[in-house]
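Here is the structure we will look at.
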Amino acid sequence: MPSKNRCWYVLLKMQHNSWCPPVTACHQGGRWHVLEKKGDYHTDENRVLKKDPQQDYRLEYAMENSTHTILAFSRELHTCDPNDKSITESTVRVIWAYHHKDLGEAGQNYHGSTRGTKSLRLLNPEKAEVSPASLSYFDLTNKDVPVPDKDTTYWCQMFKIPVQHEKHHVTKVEPLIQKGHENLVHHILLYQCSSNLNDSVLDYGHECYHPNMPDSFFTCETVIFAWAIGGEGFTYPPHVGLSIGTAADPQFVLMEVHYDNPTYTEGLVDNSGLRLFYTPVLRKYDAGVIEAGLWVSLFHNIPPGMPEFVSEGHCTLECLEEALGAERPSGIHVFAVLLHAHLAGRAIRMRHFRNGEEQKLLAYDDEFDFNFQEFQYLEEERTIMPGDNLITECHYSTMDRIRMTWGGLSTRNEMCLSYLLYYPRINLTRCASIPDIMEQLQFIGVKEIYRPVRTWPFIIKSPKQYKNLSFMDAMNKFKWSKSEGLSYNELVLKLPMNVRCSKTDNAEWSFQGMTAFPPEIERPYKTEPVICSSSSCLPCSLSFTLLFVVHVTSSTIGNFGPFVQ
């Protein structure tokens, strides 16, 4: 139990070099009393704490009981202080540490191993939800899947949605990750499959994208839900739900689980999956998912040693014109977006164009964290109209790599995707693009390939230095410099692209496979400037409050001192 009279020295840190106000607070008679506010601090390049001349943080609340310490402080989103970091919709890496002794005259005490970090999206709007305890649910979970001792495995398993005699709406989806496998299970996708299947497809799971994969898996092309590492449960807005129980709804679904095992650990067996809560109380609209961005392919590639390389995946105006014009001329409404890349990813933006004019970003994360990927609820729903353009723009860093990075399934490969949750549901599942490969090869001097193409990757015929090499080997043989990489990046962003525009029922829109040129847009994207004055920050009318909660076990009570976050 906490002592009746005890003082703690508290220090909170937020990402990079911005520190919250150190305070001294005493616990007396069951209450906390703030005795002294030390001030807003930041660190220099040597991580030494320095008092900030501009004080921006305010302690709002502090309390403690036998298990928890709670601290709340607030600040403006944009303090316009060069020593503070602006709080945006991007991921924030919050770090914490503590020491059992108060700060002395010599400065902060080194916290040693008593520290940690957590990525958060501080401005992700909270959604009110019906208590899951009052809802029915069903689980889709793998059963004792042996995870191979290799870095990447995609495992697919068929499930049948429990039979409903009338329409219901799924209102919440939660991940069920086996304890201890939080870093093993990288993402889970749920696909709608053909309604012509029968229960025989339920008898087995199989490795996805494998030559011996069951034929029934090929009928599962429409993503109906996506979860990725670091994400929590997803609650649909009150007016939207995932429809089940009608002839147009999924009867059979395929759950794809990506296992990431970079240490090649042997003997892993997994039982992870998803829990879906549903209700007979119907929402106004049925939700749909559109996968947009770069089609996962070797045609998407990134040179080594690049501090920044930009790739773009296009959901073209031709595709949206046909798909929305046929079913929803008034447009669809996007309410959440999941941005997805792999280890080289540093930032992702979903850009939106109408009649050639750029709109506000649909979604973005300028501090992308591979190990923290979740749906971003949009503060305001966005309408996508026929003829709009959507561009998934991904920024990568390959400074630590000596060979090409290729688009592919492994976490060491790359992706550039956006999953748009929207309503009302239409017959469009993928809206993506692939850049032309031949002009990429011409950049490194390739003149001719063997035709007809009989192998994959295909083989180079000339010039002599690349003869009989695959195009992957040829790209790796090229002497990439940063200047060559920049020139290559400029080329790739202007290349003609192959349009991928797919229907929910595994058919294709007429624009599938057509060649198009990317629209002329401003590059790089210009962020809105933050305007500051000497006395205040003009656009900073919004403040942000962080609630810091520490769980204290009985064995550690009495040993906590300063907290750093």
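Quick note: residue numbers are just sequence positions, from 1.
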* Would you please classify the geometry between the F225 ring and the F375 ring as parallel, tilted or perpendicular, with 30° and 60° separating the classes? => tilted
* Does Y154 use its side chain to pair, donor to acceptor, with the backbone of L409 at less than 3.5 Å? -> yes
* Asked: For D369 and T91, does a side-chain donor sit closer than 3.5 Å to a side-chain acceptor?
  -> no
* Exercise: do E381 and Y423 side chains pair donor with acceptor under 3.5 Å -> yes
* Can any side-chain N or O of T265 pair as donor or acceptor with the backbone N or O of N261 at less than 3.5 Å? -> no
* What closest approach, in Å, do F309 and G485 show between heavy atoms, and which atom pair accounts for it? -> CE1-O, 3.9 Å
* Asked: Can Y466 and E448 be said to form a side-chain hydrogen bond (donor to acceptor under 3.5 Å, both in side chains), step by step?
  -> CA-CA 10 Å; Y466 298 134; E448 190 178 6; over 6 Å; no
* Drop me the distance from M514's CE to M497's CE, to the nearest 0.5 angstrom. => 8.0 Å
* To do: May I ask you to decide whether K503 forms a salt bridge with E221, counting only side-chain N to carboxylate O separations under 4.0 Å?
  => no
* Given the rule in the side-chain hydrogen bond (donor to acceptor under 3.5 Å, both in side chains) test, do N83 and Q54 qualify, once you have shown the distances and angles that lead to the verdict? -> CA-CA 9 Å; N83 295 315; Q54 180 175 318; over 6 Å; no
* To do: For the pair E414 (side chain) and A344 (backbone), establish whether a donor and an acceptor sit closer than 3.5 Å, ignoring hydrogens and angles.
  => yes
* Step-by-step side-chain hydrogen bond (donor to acceptor under 3.5 Å, both in side chains) determination, H340 to Q373 -> CA-CA 7 Å; H340 182 66; Q373 302 185 45; 2.7 Å; yes
* Asked: Does atom CG of D473 have more than 12 heavy-atom neighbours, drawn from other residues, nucleotides or ligands, at distances under 6.0 Å?
  -> yes
* Salt-bridged, R349 to D366, with N to O below 4.0 Å? -> yes
* Enter the distance from T222:OG1 to N427:CG here, rounded to the nearest 0.5 Å. => 7.5 Å
* To do: Measure up the W406 and F471 rings against each other and bin them: parallel (under 30°), tilted (30 to 60°), perpendicular (over 60°).
  => perpendicular
* Go through F370 and F368 one step at a time and tell me if the ring-ring contact (aromatic ring centres under 6.0 Å, His included) criterion holds. => CA-CA 6 Å; F370 169 75; F368 177 77; 7.3 Å; no
* **Check: R354 side chain, E357 main-chain N or O, donor-acceptor pair, under 3.5 Å** => no
* Can you measure from OG1 (T152) to CG (D260) and round to the nearest 0.5 angstrom? => 5.5 Å
* To do: Would you please say whether a donor-acceptor pair under 3.5 Å links the side chains of S86 and H78?
  => yes
* Asked: Do the non-hydrogen side-chain atoms of D84 and D52 ever get within less than 4.5 Å of each other?
  -> yes
* Asked: Of all residues at least two apart in sequence or in a different chain, which pass the side chain to side chain donor-acceptor pair (under 3.5 Å) check with D270?
  -> H181, Y259, S272
* **Ring centers of F478, W480 separated by less than 6.0 Å** => yes
* Asked: Between the main-chain N or O of F458 and the side-chain N or O of S470, is there a donor-acceptor pair closer than 3.5 Å?
  -> no
* To do: Determine the minimum heavy-atom distance between L317 and G387, stating which atoms define it.
  => CB-O, 3.3 Å
* Asked: Do C431 and C319 have their SG atoms less than 2.5 Å apart?
  -> no
* Asked: So do the side chains of M306 and S397 get within less than 4.5 Å of each other, counting heavy atoms only?
  -> no
* To do: Verify whether the ring centers belonging to Y419 and W227 lie closer than 6.0 Å.
  => no
* Asked: How far apart are the C-alpha atoms of R523 and E490, what are their side-chain angles, what is the distance that settles it, and do they pass the salt bridge (Lys or Arg N to Asp or Glu O under 4.0 Å) test?
  -> CA-CA 10 Å; R523 297 188 181 95; E490 291 178 5; over 6 Å; no
* In chain order, what residues pass the side chain to side chain donor-acceptor pair (under 3.5 Å) check against R500, with sequence neighbours excluded? -> N498
* **Main-chain N/O of V185 paired to H258 side chain as donor or acceptor, under 3.5 Å** => no
* Structure fact -> Smallest heavy-atom separation, A363 atom then L339 atom, equals C-CD1, 4.3 Å
* Does R382 pair with D388 as a salt bridge, N-O distance under 4.0 Å? -> no
* Asked: Between T88 and S90, is there a donor-acceptor pair closer than 3.5 Å when you use the side chain of the first and the backbone of the second?
  -> yes
* Asked: Is it the case that more than 12 heavy atoms not belonging to D215 sit under 6.0 Å from its CG atom?
  -> no
* Asked: Just checking, is any N or O donor in the side chain of H300 or S311 under 3.5 Å from an acceptor N or O on the other one?
  -> yes
* Asked: Have E322 and S510 got a donor and an acceptor in their side chains that come within less than 3.5 Å?
  -> yes
* Determine the minimum heavy-atom distance between T398 and T405, stating which atoms define it. => CG2-OG1, 3.9 Å
* I would like to know whether T383 and H333 meet side-chain hydrogen bond (donor to acceptor under 3.5 Å, both in side chains); could you show each step before the answer? => CA-CA 4 Å; T383 302; H333 306 283; 3.1 Å; yes
* Asked: Any side-chain heavy atom of C315 sitting closer than 4.5 Å to one from N389?
  -> no
* **Flag, side chain of Y209 to backbone of M213, donor-acceptor distance under 3.5 Å** => no
* Indicate whether the side chain of Q157 and that of H206 have a donor and an acceptor atom separated by less than 3.5 Å. => no
* **Ionic contact status for E358 with R351, cut-off 4.0 Å** => yes
* Any donor-acceptor pair under 3.5 Å linking the side chain of Q376 with the backbone of Y364? -> yes
* Residue pair S502 / Q512, side-chain heavy-atom distance below 4.5 Å -> yes
* Asked: With a 4.5 Å heavy-atom cut-off, do R403 and P304 have their side chains touching?
  -> no
* Ring centres of F299 and W456 under 6.0 Å apart? -> yes
* To do: Run the ring-centre check on H186 versus H342 and record whether the distance is less than 6.0 Å.
  => yes
* Less than 4.0 Å between a side-chain N and a carboxylate O, is that true for K494 and E439? -> no
* Structure fact -> When rounded to the nearest 0.5 Å, the distance separating CD of E207 from OG1 of T153 is 5.5 Å
* **Donor-acceptor pair, side chain of E367 and main chain of A347, under 3.5 angstrom** => no
* To do: Could you verify whether a donor N or O on one side chain and an acceptor N or O on the other, from S418 and T392, lie under 3.5 Å apart?
  => yes
* Starting at CD of Q359, measure out to CG of L390 and round the result to the nearest 0.5 Å. => 10.5 Å
* Would you say the side chain of L123 lies within less than 4.5 Å of the side chain of I87, judging by non-hydrogen atoms? -> yes
* To do: Kindly write out the residues that satisfy side chain to side chain donor-acceptor pair (under 3.5 Å) with E318, not counting sequence neighbours, or none if the list is empty.
  => T316
* Does the side chain of E308 pick up a donor-acceptor pair with the side chain of H395 at under 3.5 Å? -> yes
* To do: State, with a plain yes or no, whether a side-chain heavy atom of K477 is found less than 4.5 Å away from one of L469.
  => yes
* Does the side chain of Y191 come within less than 4.5 Å of L189's, by heavy atoms? -> yes
